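The structure under discussion appears below in the form of structure tokens.
First the proteins, then the strands, lettered A, B, ... as listed; each starts at 1. Since the model is a prediction, treat every value here as computed from it, not as a measurement. The analysis underlying the following values was restricted to heavy atoms, covering all of them including side chains, and did not include hydrogens, waters or symmetry mates.
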Amino acid sequence: MLFNGVIAANVMKSWTVEAASMPDGSQVELAGWVWDVREVGKIRFIILKDREGSIQVTVKKGDAPQGVWDAAAGLVKEDVILVKGVVKASRIARSGVEVMPSELRVLNRSKPLPIDIWGNVAQTELDARLRYRTVDLKRPESLVIFKASSAAVRAIRESLYDRGFIEVFTPKIISTSTEGGADLFPVQYFDAVAYLAQSPQLYKEELTASLERVFEVGPAYRAEKHSTTYHLNEFISVDLEAAFMNYRDVMSILEDVIINVYSNALKVPGVTDMNREISVPKKPFAVVSYDDALDMLGRKGINVKWGDDIPKEGLEALTGEIGSPFFLVNFPTSLRAFYTMPIEGDPSRSESFDLVIDGVEIVSGATRIHDRKLLENALISRGLNPANFESHLAAYEWGMPPHAGWGLGFYRLLMVMLRRSNIREVVLFPRDRNRLTP
RNA sequence: GCCUCGGUCGUUCAGCCUGGUCUAGGAUGCGGGCCUGUCGAGCCCGAAACCCGGGUUCAAAUCCCGGCCGAGGCGCCA
């Protein structure tokens with residue numbers, strides 16, 4: 001006997017965790033999935049699970065209605081059921097309460113699952129887990145990850161709204177490479193070729209001329225054939241840009257954002273099981289200049305030529321030395337994107353920064369150039385043609401304010417915060433070099 | 001794109017080095033049976049696998065070659 005939509009609309013179910021704190025004798029209606037059935041002769045125990053937890057439903061032969069007893073007999077793991085019954089305090093049941101059902105309806109049947117979600121098998125390979133991601137997401141650990149993910153975006157939004165930022169949306173289908181460099185995915189756009197945006201960079205800068213303080217949480221696409229545990233071809237970027245601020249100002253905002261993300265994620269039950277050392281970072285974060293970082297690395301035998309990027313090994317060594325998180329500032333101008341503001345009086349260095357957590361680059365930002373002439377020269381010095389950026393450059397002639405901003409790799413932040421060894425774990429349906437489904 | 005490692009029941013771990021004793025073992029999941037307080041339930045029974053192709057050999061899960069797939073590292077990465 002299957003369920004239909006009309007009945008579904010009438011379900012006023014409680015979360016299992018709510019039932020656990022109800023007084024003895026309360027009537028409840030619960031809906032969820034069969035996590036386990038333990039049959040002990042004339043008693044059948046059903047562990048009913050929902051997103052928030054689980055509760056034991058106890059069916060005694062002769063005590064429960066015969067129909068409930070019969071229905072309980074056929075249950076298998078992950079069957080979807082609706083239970084009405086009475087909450088009963090119990091010294092035997094784990095949570096202190098159990099539900100004695102007066103009604104038990106099977107809303108849908110489940111086949112045996114293709115992967116283990118109960119923790120009975122050591123560690124299912126990530127590839128298999130992602131292939132059956134909808135099933136994998138039933139694992140309690142997966143639920144914690146995506147609750148933490150939600151708490152994190154929410155913390156970001158609240159922090160930024162509180163500081164006068166406006167949330168915006170910029171196009172993800174664009175006409176040309178915004179900045180040159182990273183490879184873009186071409187898409188057919190009617191009769192033209194368009195590309196998936198690699199970053200909202202130029203749009204958000206243009207918006208500072210009107211909306212002043214903006215941020216966007218959205219996808220970014222890179223057609224790079226990398227295969228690492230911390231790169232994806234589609235990822236969520238948190239981008240911020242603010243008029244009348246410099247890099248130090250937006251670094252300070254970033255500190256608050258990171259602190260709020262950590263403190264809100266910590267409130268999610270289960271997060272500390274994934275990262276036992278997790279703690280809310282304290283302001284101010286350590287700040288190290290690129291030049292000083294090179295010196296520190298040199299003393300450790302890691303030689304980086306001035307003007308070269310600091311390799312992952314170097315970032316890890318610096319984390320060991322400085323702690324985490326820390327800011328790396330004042331990168332060589334040549335190492336950064338064309339819109340990065342050089343330091344006045346020291347133009348080979350720039351008003352730029354990265355935020356590094358546990359050896360991973362999480363955020364990258366800078367004061368931007370707001371003068372058209374300077375910006376054109378910066379393009380030219382990188383071998384880019386200003387003519388290709390004309391519509392962007394034009395904005396700089398109509399009252400472009402001084403501005404600064406940053407871009408934060410949301411999945412990377414989650415990965416380091418939750419101590420996952422692979423970024424794919426914190427992404428519902430990751431897109432990488434060889435993964436386009438599910 | 002490069003390097004290293006790997007591919008055995010649905011999942012997961014063993015067997016491979018040292019070819020035969022593998023009719024391929026364990027766990028979990030699945031099916032059946034017993035049990036009125038289980039909660040990692042227990043006990044008994046059952047079904048279920050050597051990535052593909054070629055080679056060496058009397059004999060290949062095991063050794064060799066190629067392919068495909070995966071993991072990790074590197075490179076690339078506004």
Spacing of A:N120 atom CG relative to B:rG26 atom P, expressed in whole Å: 18 Å

Side-chain contact check for A:V121: nearest option of B:rU12, B:rA78, B:rG37 is B:rU12

Residue among A:I362, A:V356, A:I357 satisfying side chain to side chain contact (heavy atoms under 4.5 Å, CB included) with A:V360: A:I362

What is the separation between atom NE2 on A:H231 and atom P on B:rC74, rounded to the nearest whole Å? 10 Å

Can you tell me if CH2 on A:W398 sees more than 12 non-hydrogen neighbours from other groups inside 6.0 Å? no

Closest nucleotide among B:rC39, B:rU36, B:rA71 to the A:K42 side chain: B:rU36

Name the residue closer to the 5' end of RNA chain B, choosing between A:Y132 and A:P112 according to the nucleotide with the nearest heavy atom. A:Y132

How long is the line joining CE of A:M100 and C1' of B:rU36, in whole Å? 11 Å

Calculate the interatomic distance between A:F235 atom CZ and B:rA78 atom P; express it in whole Å. 10 Å

Counting only heavy atoms and a strict 4.0 angstrom limit, can you tell me which residues of residues 57-74 of chain A come near RNA chain B? A:K60, A:K61

Do the charged groups of A:E216 and A:K204 touch, with an N to O distance under 4.0 Å? no

Mind checking whether A:F331 and A:Y290 have parallel, tilted or perpendicular rings, split at 30° and 60°? tilted

Nearest-nucleotide 5' precedence on RNA chain B, A:P114 against A:S227: A:P114

Once rounded to the nearest 0.5 Å, what's the spacing between atom CG of A:L30 and atom CD of A:E18? 9.0 Å

Let's test this: given Watson-Crick or G-U wobble pairing with both distances under 3.5 Å, identify the partner of B:rU38. none

Side chain of A:V40 only, heavy atoms from C-beta on: which candidate in B:rU12, B:rG31, B:rG37 is closest? B:rG37

Let me know which of A:K172, A:R222, A:E224 forms a side chain to side chain contact (heavy atoms under 4.5 Å, CB included) with A:Q198. A:R222

Looking across every strand, which nucleic acid part, if any, lies under 4.0 Å from A:S364 by heavy atom: base, sugar-phosphate, or nothing? nothing

Salt bridge or not between A:D127 and A:R435? Use side-chain N to carboxylate O under 4.0 Å. yes

With ring pair (Phe, Tyr, Trp, His ring centres under 6.0 Å) as the test, would you mind laying out the steps for A:Y411 and A:F235 before giving the verdict? CA-CA 7 Å; A:Y411 295 145; A:F235 60 94; 7.7 Å; no

Which residues, if any, of residues 430-438 of chain A bring a heavy atom under 4.0 Å of RNA chain B? A:R433, A:N434, A:R435

Give the minimum heavy-atom separation between A:A194 and A:I173, together with the two atoms involved. CB-CG2, 3.7 Å

Say we look at B:rG15 and B:rG20: how far apart would their C1' atoms be, to the nearest angstrom? 14 Å

Rounded to the nearest angstrom, tell me the gap between atom CZ in A:F45 and atom P in B:rA41. 12 Å

Which value, in whole Å, describes the distance between the C1' atoms of nucleotides B:rG6 and B:rC45? 36 Å

Given B:rC77, B:rC35, B:rA78, which nucleotide is nearest the side-chain atoms of A:E224? B:rC77

Between B:rU8 and B:rC51, how far apart are the C1' atoms? Round to whole Å, please. 10 Å

Taking atom C1' in both B:rG54 and B:rC68, compute the distance separating them and give it to the nearest angstrom. 15 Å

C1' atoms of B:rG19 and B:rU56, separation to the nearest Å: 11 Å

For B:rC74, which nucleotide is its Watson-Crick or G-U wobble mate, given both distances must be under 3.5 Å? B:rG1

Kindly say if A:N233 contacts the phosphate of B:rC77, meaning a side-chain N or O under 4.0 Å from OP1 or OP2. no

A:H226 atom NE2 is separated from B:rG73 atom P, nearest whole Å, by 14 Å

Counting side-chain heavy atoms from CB outward, which of B:rG31, B:rG72, B:rC30 is closest to A:K77? B:rC30

Taking the basic N atoms (NZ, or NE/NH1/NH2) and the acidic carboxylate oxygens, is any pair closer than 4.0 Å for A:K88 and A:E98? yes

In Å, rounded to the nearest 0.5 Å, how long is the span from CG of A:N108 to CD of A:E78? 11.5 Å

When rounded to the nearest Å, what value does the distance between P atoms of B:rA47 and B:rG10 take? 15 Å

Across the strands shown, which category fits A:Q56 at heavy-atom distances under 4.0 angstrom: base, sugar-phosphate, nothing? base

Please determine if a side-chain N or O atom of A:K225 lies less than 4.0 Å away from the OP1 or OP2 oxygen of B:rG75. no

Who is the Watson-Crick or G-U wobble partner of B:rA27, with both distances under 3.5 Å? B:rU11

For the residue pair A:K77 and A:W35, what are the closest heavy atoms and their distance? CG-O, 3.6 Å

To the nearest angstrom, the NZ-P distance between A:K204 and B:rA78 comes to 14 Å

For B:rC77, does either OP1 or OP2 sit under 4.0 Å from a side-chain N or O belonging to A:R222? no

The Watson-Crick or G-U wobble partner of B:rG6, with both key distances under 3.5 Å, is B:rC69

If we take the P atom in both B:rC74 and B:rC58, what is their distance in whole Å? 47 Å

Same-atom distance (C1') from B:rU11 to B:rC52, integer angstrom: 22 Å

Return the nearest nucleotide to the side chain of A:A128; candidates are B:rU12, B:rG73, B:rA41. B:rU12

Could you check how far CG of A:L126 sits from C1' of B:rG6, rounded to whole Å? 16 Å

Any strand: nucleotide that pairs with B:rG20 via Watson-Crick or wobble, under 3.5 Å: B:rC58

dist A:L315:CG -> A:L328:CG (nearest 0.5 Å) comes out at 6.5 Å

Just checking A:E98: base, sugar-phosphate only, or nothing, at a heavy-atom cut-off of under 4.0 Å? base

